[in-house]
Amino acid sequence: IDSWINLSRVDPDAEVQGEIRLSVQMLEDGRGRCLRCHVLQARDLAPRDISGTSDPFARVFWGSQSLETSTIKKTRFPHWDEVLELREMPGAPSPLRVELWDWDMVGKNDFLGMGNLGALRVKVRLIEDCVLPSQCYQPLVELLMESVLGPAEEDTASPLALLEELTLGDCRQDLATKLVKLFLGWGLAGRFLDYLTRREVARTMDPNTLFRSNSLASKSMEQFMKLVGMPYLHEVLKPVISRVFEEKKYMELDPCKMDLGRSRRISFKGAPSEEQMRETSLGLLTGYLGPIVDAIVGSVGRCPPAMRLAFKQLHRRVEERFPEPEHQQDVKYLAISGFLFLRFFAPAILTPKLFDLRDQHADPQTSRSLLLLAKAVQSIGNLGQQLGQGKELWMAPLHPFLLQSVSRVRDFLDRLVDVDGDEEAGIPARALFPPSAIVREGYLLKRKEEPAGLATRFAFKKRYVWLSGETLSFSKSPEWQTRHSIPVSHIRAVERVDEGAFQLPHVMQVVTQDGAGALHTTYLQCKNVNELNQWLSALRKASAPNPDKLAACHPGAFRSARWTCCLQAERSAAGCSRTHSAVTLGDWSDPLDPDAEAQMVYRQLLLGRDQLRLKLLEDSNMDTTREADTGACPEVLARQRTAAARLLEVLADLDRAHEEFQQQERGKAALGPLGP
């Protein structure tokens with residue numbers, strides 16, 4: 001289910017009005033069924049406060065369970081985008097009920113409405129896959145690494161060349177994310193990006209179209225920037241974005257969208273004219289754009305070295321491909337600004353919540369202001385080439401400011417690529433934030449690992465938690481002077497904890513190692529699955545550079561003289577579940593899992609196996625024709641056939657490994673639960 005649910009008919013005089021949008025799924029795993037309720041947004045809610053707005057939050061009921069979303073202040077159109085998960089309890093099936101309430105600091109909360117899903121029709125699609133041991137993927141890994149180290153332009157038979165040819169649309173976005181993760185884990189992200197850049201540049205005839213499509217090269221660079229550049233993005237844009245949200249100024253340049261009545265209360269006596277509205281909006285827009293441009297052009301020293309090296313590499317390839325004097329003026333700048341401005345800064349301004357610049361989505365008026373700012377930044381990123389063209393001629397009042405900014409941006413881009421060294425630009429997420437900077441903070445429930453025999457009834461205690469690049473600190477409240485800290489450098493694993501370990505949801509564990517080599521575990525409970533994912537990501541990213549990460553740990557707890565997960569009786573028993581010890585791709589992604597990513601690449605390559613056989617192996621009699629058509633020499637064609645044969649052999653080996661695994665599973669099933 002993904003739909004709007006009426007709270008009642010929309011009537012300004014009614015006590016209850018508006019709609020709420022939910023996305024509901026029924027999931028099933030080894031512990032039973034789970035209802036996943038994605039509370040997206042609500043609209044046209046009844047005003048309950050003197051300001052004409054409300055402070056809404058949603059409460060979801062399923063059987064005897066209930067969970068709440070966060071409260072969004074001063075709006076009748078809240079955007080939560082929060083996921084609430086409720087486990088099925090024994091008994092008859094229960095309807096799902098959602099209530100909306102207006103939060104009040106004093107007195108009782110005010111009822112805003114209720115929606116019922118008495119009958120739930122569920123459509124489930126299960127995608128099951130088997131991830132083999134790491135050694136099974138090693139030959140495929142070696143082929144992928146060889147791809148980026150060899151000649152890119154003539155490559156037609158490597159795994160990367162085949163993947164680039166096969167994937168389209170949404171699949172290309174997913175594949176780019178997987179490949180960036182893989183090459184990042186191997187320390188070859190820079191080589192990977194350069195490989196795709198060389199291929200893209202080689203087949204581009206018109207320099208004005210370079211990287212403008214959603215090619216694998218464009219999508220991969222986009223994902224790479226989101227990884228290494230997110231803290232940089234926050235430092236540059238967050239101050240101005242926060243001002244736009246807080247000041248809520250009405251701005252509009254398009255005469256077709258101007259609401260002169262709405263602007264009456266700004267600064268005019270009586271209704272303003274369209275010209276007055278335009279002048280006021282122009283002043284407000286430039287008042288925000290000025291600090292944005294200043295922050296960007298002054299940020300060279302704060303841009304991560306990995307991004308600067310990647311841009312330097314890109315700059316060099318474009319200059320080599322288009323050396324003509326008429327292209328030197330703009331092409332080398334547009335290649336970089338197309339990524340940095342059009343695919344990084346402008347999207348973050350347009351939708352700041354998706355880049356974690358804000359906790360909530362903007363209201364309609366603020367969204368319009370952000371759209372105008374994003375359009376202006378996009379025009380600057382285009383170096384003013386398209387000003388005065390197209391349908392948006394009403395942007396003309398901004399053109400003088402935009403053109404003045406272009407020369408500053410050119411100078412900024414020159415300084416950005418003026419970086420020493422040709423080191424690998426695929427540095428993992430290490431030291432992405434200053435050591436002293438607070439990465440995340442808030443209240444959590446904390447429990448220390450206890451010696452055997454101690455009571456656990458009151459083990460979880462509410463603590464305020466700070467995470468910086470150096471320490472994970474705890475105290476009773478934000479103002480409390482006494483803090484207890486764990487050095488981030490001591491962290492050896494950050495993992496989820498099974499709900500059955502403490503009969504509590506949303507628990508994670510932080511495993512640390514002291515100077516004597518002993519391991520200690522701190523358990524932290526979050527209020528919901530969203531908060532849990534955010535803390536897991538932040539902790540894993542902060543501890544990414546740490547050596548000696550644990551390969552496995554216990555997803556349960558040691559209670560009643562045994563581990564709740566594997567039932568081993570020794571507290572020091574080896575972990576029974578693999579850890580996610582690699583870095584994370586920011587707060588928007590899961591931890592790196594090289595085996596799972598390699599399995600996904602294998603599945604994608606299977607789609608093109610028949611095409612590869614037909615193209616380079618089974619039709620070997622066409623060599624002469626192919627040589628004439630492509631201009632390739634026999635040696636190149638021979639190398640391509642050899643590469644194709646190796647790839648087909650690797651895929652066949654993985655086929656056999658999967659078949660052997662399935663046979664083992666069928667054998668286990670035939671033996672039954674008691675075994676031999």
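The figures here come from the full heavy-atom set of this structure, side chains too, leaving out hydrogens, waters and symmetry mates.
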[X] side chain near [Y] side chain, heavy-atom distance below 4.5 Å:
| X | Y | result |
| --- | --- | --- |
| P78 | L45 | yes |
| L188 | M145 | yes |
| F558 | T564 | no |
| K461 | L445 | no |
| L35 | L96 | yes |
| L605 | V601 | yes |
| Y602 | V650 | no |
| T75 | I72 | yes |

Whether over 12 other heavy atoms sit under 6.0 Å from [X] [atom1]:
| X | atom1 | answer |
| --- | --- | --- |
| K353 | NZ | yes |
| R59 | CZ | yes |
| E570 | CD | no |

Non-hydrogen atoms of [X] and [Y] that approach each other most closely:
| X | Y | answer |
| --- | --- | --- |
| W62 | L86 | CZ3-O, 3.4 Å |
| F460 | R447 | CE1-CD, 3.4 Å |
| T471 | V488 | N-CG2, 3.5 Å |
| E85 | C34 | CB-SG, 3.8 Å |

Show me the donor-acceptor pairs, under 3.5 Å and distance only, between side chains in residues 502-509 and residues at least two apart or in other chains.
| from | atom 1 | to | atom 2 | distance (Å) |
| --- | --- | --- | --- | --- |
| Q503 | NE2 | G500 | O | 3.0 |
| Q509 | NE2 | H554 | O | 2.7 |

I would like to know whether Y137 and V131 meet side-chain contact (heavy atoms from CB on, under 4.5 Å); could you show each step before the answer? CA-CA 10 Å; Y137 298 106; V131 179; 4.1 Å; yes
Does the structure place the NZ or CZ of [X] under 6.0 Å from the centre of the six-membered ring of [Y], at an angle of no more than 45° from the ring's axis?
| X | Y | value |
| --- | --- | --- |
| K462 | Y443 | yes |
| K446 | F474 | yes |
| R440 | W466 | no |
| R358 | F245 | yes |

OG on S543 to CD1 on I486, rounded to 0.5 Å: 11.5 Å
CG/L606 to CG/L654 distance, rounded to the nearest 0.5 angstrom? 8.0 Å
Mind checking ring-ring contact (aromatic ring centres under 6.0 Å, His included) for F77 and listing every partner two or more places apart, or none if nothing turns up? none
Does a salt bridge link R21 with E19, judged by any charged N lying under 4.0 Å from a carboxylate O? no
Hey, is R666 close enough to E659 for a salt bridge, meaning N to O under 4.0 Å? yes
How about [X] and [Y]: does a side-chain donor come under 3.5 Å of a side-chain acceptor?
| X | Y | answer |
| --- | --- | --- |
| H38 | D81 | yes |
| H658 | Q663 | no |
| S485 | S473 | yes |

Quick one: are the ring centres of W103 and F57 less than 6.0 Å apart? no
Centroid separation H234 to F355 less than 6.0 Å: no
I would like to know whether R578 and E495 meet salt bridge (charged side-chain N to carboxylate O under 4.0 Å, His left out); could you show each step before the answer? CA-CA 10 Å; R578 189 179 63 173; E495 296 296 320; over 6 Å; no
